[in-house]
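Because the structure is predicted, anything quoted here is derived from the model rather than measured.
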Amino acid sequence: MTEKEKMLSGELYLASDSELEMERLRAKKLCFEYNGAFDTNRRNEILTYLLGVDVAEIHIESPFLCDYGYNIKLGGSFFANHHLTILDCAPVTIGDNVMIGPNCVLTTATHPVDAKTRHSLLEFAKPIVLEDGVWLGASVTVCPGVTIGENSVIGAGSVVVKDIPANTVAVGNPCRVVRRVN
């Protein structure tokens, strides 16, 4: 199995693998170009190439950073404010009508807790899912393996370390449900 295949299957892998390094470099170059472009058509071309999808209903304010781009799946009517970072070593699936506030981080990448294994520079990744209608407030961090249920709102500054059910408001560090919404 290649390191990329290991990464995509959720197994321990070496991010320093030359194929993965080249793919991250490609994404970083595209993000740099996207973040420096002012023409909407050009920005859409770059984003389409980076993500591999039609971006007609997608708006991402600069700056935007990601590891690979190809692991990000965005639904329609998506809006992200400034400083969105997505570490997409595993799939990041975002539904329709999702809004993300400024300075948010979605990170699928994680490392072994065992020090000896961690020191070997092995890492792994777990997918993230934001279902339809989710709103992340400013400076929210979504950790590996988390699913946030449809129509849920995550309060500013929250650190989401476990799944959040649909139709709830959740806040804090660690993030926890404080009430239901219709």
Side-chain angles (χ1 to χ4, degrees), residues 7-8 15 20 23-110 123 125-164 169-175:
M7 178 185 80
L8 295 174
L20 293 175
E23 289 181 350
R24 283 193 310 276
L25 181 60
R26 171 195 168 272
K28 303 235 180 307
K29 286 179 179 178
L30 289 168
C31 286
F32 181 82
E33 190 175 346
Y34 177 81
N35 293 330
F38 293 98
D39 177 71
T40 301
N41 291 332
R42 181 64 186 135
R43 287 170 60 87
N44 287 345
E45 287 174 8
I46 297 164
L47 205 55
T48 296
Y49 187 64
L50 176 63
L51 302 178
V53 297
D54 177 22
V55 296
E57 295 183 38
I58 294 169
H59 183 87
I60 301 175
E61 289 287 343
S62 297
F64 166 62
L65 300 171
C66 67
D67 274 340
Y68 299 98
Y70 56 72
N71 274 331
I72 301 169
K73 307 298 181 236
L74 299 175
S77 297
F78 174 76
F79 176 84
N81 215 317
H82 300 282
H83 297 279
L84 172 61
T85 299
I86 301 178
L87 303 184
D88 61 314
C89 305
V92 175
T93 305
I94 299 174
D96 296 332
N97 302 302
V98 170
M99 298 188 316
I100 296 180
N103 300 311
C104 288
V105 176
L106 309 178
T107 179
T108 66
T110 190
E123 61 184 66
K126 296 180 180 180
I128 290 173
V129 176
L130 305 182
E131 294 181 349
D132 294 346
V134 166
W135 172 26
L136 304 182
S139 300
V140 168
T141 298
V142 180
C143 293
V146 166
T147 295
I148 299 175
E150 67 180 335
N151 301 318
S152 289
V153 176
I154 307 300
S158 296
V159 178
V160 188
V161 297
K162 63 181 182 177
D163 293 352
I164 301 296
V169 174
V171 299
N173 180 5
C175 190

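- Scanning for side-chain contact (heavy atoms from CB on, under 4.5 Å) contacts around Ser139 gives Asn103, with sequence neighbours left out.
- Remark: Glu131 pairs with no residue by the side-chain hydrogen bond (donor to acceptor under 3.5 Å, both in side chains) rule, at least two apart or across chains.
- Within the structure, salt bridge (charged side-chain N to carboxylate O under 4.0 Å, His left out) contacts touching residues 30-40 (residues at least two apart or in different chains) are Glu33-Arg42.
- Atom CG in Leu65 sits 11.5 Å away from atom CZ in Phe32 (nearest 0.5 Å).
- When every heavy atom of Val134 is checked against every heavy atom of Leu130, the shortest pair comes out as CG2-C, 4.3 Å.
- Lys28 meets the salt bridge (charged side-chain N to carboxylate O under 4.0 Å, His left out) test with Asp67; sequence neighbours excluded.
- Of the possible polar contacts, one joining the Arg24 side chain to the Ala15 backbone as a donor-acceptor pair under 3.5 Å is found.
- In this view, Asn81 and Glu61, Phe79, Pro102 satisfy the side-chain contact (heavy atoms from CB on, under 4.5 Å) rule, not counting sequence neighbours.
- Judged as a salt bridge (charged side-chain N to carboxylate O under 4.0 Å, His left out), not a single pair has a partner in residues 74-103 (not counting sequence neighbours).
- Among residues two or more places apart in sequence or in another chain, the ring pair (Phe, Tyr, Trp, His ring centres under 6.0 Å) test is passed with Tyr70 by Tyr68.
- Taken from OG1 in Thr110 to CD in Glu123, the straight-line distance is 9.0 Å, to the nearest 0.5 Å.
- In this structure, Val142 and Ile128 have side chains that are in contact, with non-hydrogen atoms separated by less than 4.5 Å.
- In this structure Lys29 satisfies the side-chain contact (heavy atoms from CB on, under 4.5 Å) test together with Leu25, sequence neighbours excluded.
- Closest heavy-atom contact between Asn97 and Ser77: OD1-CB, 3.2 Å.
- The heavy-atom pair separating Cys89 from Ala125 by the smallest distance is CB-CB, 3.6 Å.
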Q. Which is it for Phe78 and Ile94 under the side chain to side chain contact (heavy atoms under 4.5 Å, CB included) test, yes or no, and what are the steps along the way?
A. CA-CA 8 Å; Phe78 174 76; Ile94 299 174; 3.8 Å; yes

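- Taking the side chain as every heavy atom from C-beta outward, Phe64 and Leu47 approach each other to under 4.5 Å.
- Atom CG of Leu74 sits about 4.5 Å away from atom CD1 of Ile58, to the nearest 0.5 Å.
- In this structure, Cys143 and Val159 approach most closely via the heavy-atom pair SG-CG1, 4.1 Å.
- Screening residues 72-83 for salt bridge (charged side-chain N to carboxylate O under 4.0 Å, His left out) gives no qualifying pairs among residues at least two apart or on separate chains.
- Residues passing the side-chain contact (heavy atoms from CB on, under 4.5 Å) test with Ala170 are Ile154, Ile164, Cys175, Val177, sequence neighbours excluded.
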Q: Run the numbers on Val98 and Asp132 for side chain to side chain contact (heavy atoms under 4.5 Å, CB included), then give the verdict.
A: CA-CA 6 Å; Val98 170; Asp132 294 346; 5.8 Å; no

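- Here the shortest heavy-atom pairing between Leu136 and Cys104 reads CB-SG, 4.3 Å.
- Residues satisfying the ring pair (Phe, Tyr, Trp, His ring centres under 6.0 Å) criterion with His82, sequence neighbours excluded, are absent altogether.
- Two residues are said to be in side-chain contact when any heavy atoms from C-beta on lie closer than 4.5 Å; Arg43 and Ile60 fail this criterion.
- For the pair Tyr34 and Leu50, the minimum side-chain heavy-atom distance is 4.5 Å or more.
- Residue pairs meeting the side-chain hydrogen bond (donor to acceptor under 3.5 Å, both in side chains) criterion with at least one partner in residues 142-163, sequence neighbours excluded, are Asn151-Asn167, Ser152-Thr168.
- Side-chain contact check for Thr48 versus Ile46: every heavy-atom pair is 4.5 Å or farther apart.
- When side chains are defined from C-beta on, Val92 counts as touching Thr108, because their heavy atoms get closer than 4.5 Å.
- For the residue pair Leu51 and Gly69, the shortest heavy atom distance occurs at CD2-O, 3.6 Å.
- Taking CG of Leu30 as the start and CG of Asn35 as the end, the distance is 10.5 Å to the nearest 0.5 Å.
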